[in-house]
Amino acid sequence: MTTLNVNKEPIVGVIGLGIMGSSFASNLLSRGYNVYVYNRTKEKAQSLIEKGTIFHFTPRSLASVIDIVMTSLTFLFFTVFLPF
């Protein structure tokens, strides 16, 4: 995992790109943050990728490069058993 540096913006990860998660990521991008995302389907991330987010194929790979993670998941199962 990266170390927070007071001289730079933190790298933020967003897991779950439904209506709320996509809005989180888009808003962070518009404010100049480096945003990395994970979603079960890459297609939902396409518009964010075009805006500059970095897509990860697993939550574990996302977690290894970010400072902060935000989750926006529908089912409790995914929040409890998300494989980090």
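Computation of the quantities below employed the complete heavy-atom set of this structure, encompassing side-chain atoms and omitting hydrogens, waters and symmetry-equivalent molecules.
- For Thr58, the side-chain hydrogen bond (donor to acceptor under 3.5 Å, both in side chains) partners two or more places apart in sequence, or in a different chain, are Ser61.
- The one candidate from Val37, Leu28, Val12, Leu17 that meets the side chain to side chain contact (heavy atoms under 4.5 Å, CB included) condition with Thr53 is Val37.
- Between the side chain of Ser22 and the backbone N or O of Gly18 there is at least one donor-acceptor pair closer than 3.5 Å.
- Going from atom CG of Leu62 over to atom CD1 of Ile11 covers 10.5 Å, rounded to the nearest 0.5 Å.
- The nearest pair of heavy atoms linking Phe57 to Tyr38 is O-CE1, 3.3 Å.
- In this structure, the side chains of Val14 and Val35 come closer than 4.5 Å at one or more pairs of heavy atoms.
- Here side-chain hydrogen bond (donor to acceptor under 3.5 Å, both in side chains) pairs that include residues 41-50, with residues two or more places apart or in two chains, are Asn39-Thr41.
- Contacts of Ser72 classified as side-chain hydrogen bond (donor to acceptor under 3.5 Å, both in side chains), with partners at least two apart in sequence or in another chain: none.
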Would you check, one step at a time, whether the test side-chain contact (heavy atoms from CB on, under 4.5 Å) holds for His56 with Val65?
-> CA-CA 10 Å; His56 284 263; Val65 296; 3.7 Å; yes
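- The CD1 atom of Ile66 lies 10.0 Å from the OH atom of Tyr36; values are rounded to the nearest 0.5 Å.
- Pairing each heavy atom of Ile15 with each of Pro59, the nearest pair is CD1-CB, 4.3 Å.
- Residues Tyr33 and Pro10 come closest through the heavy atom pair CD2-O, 3.7 Å.
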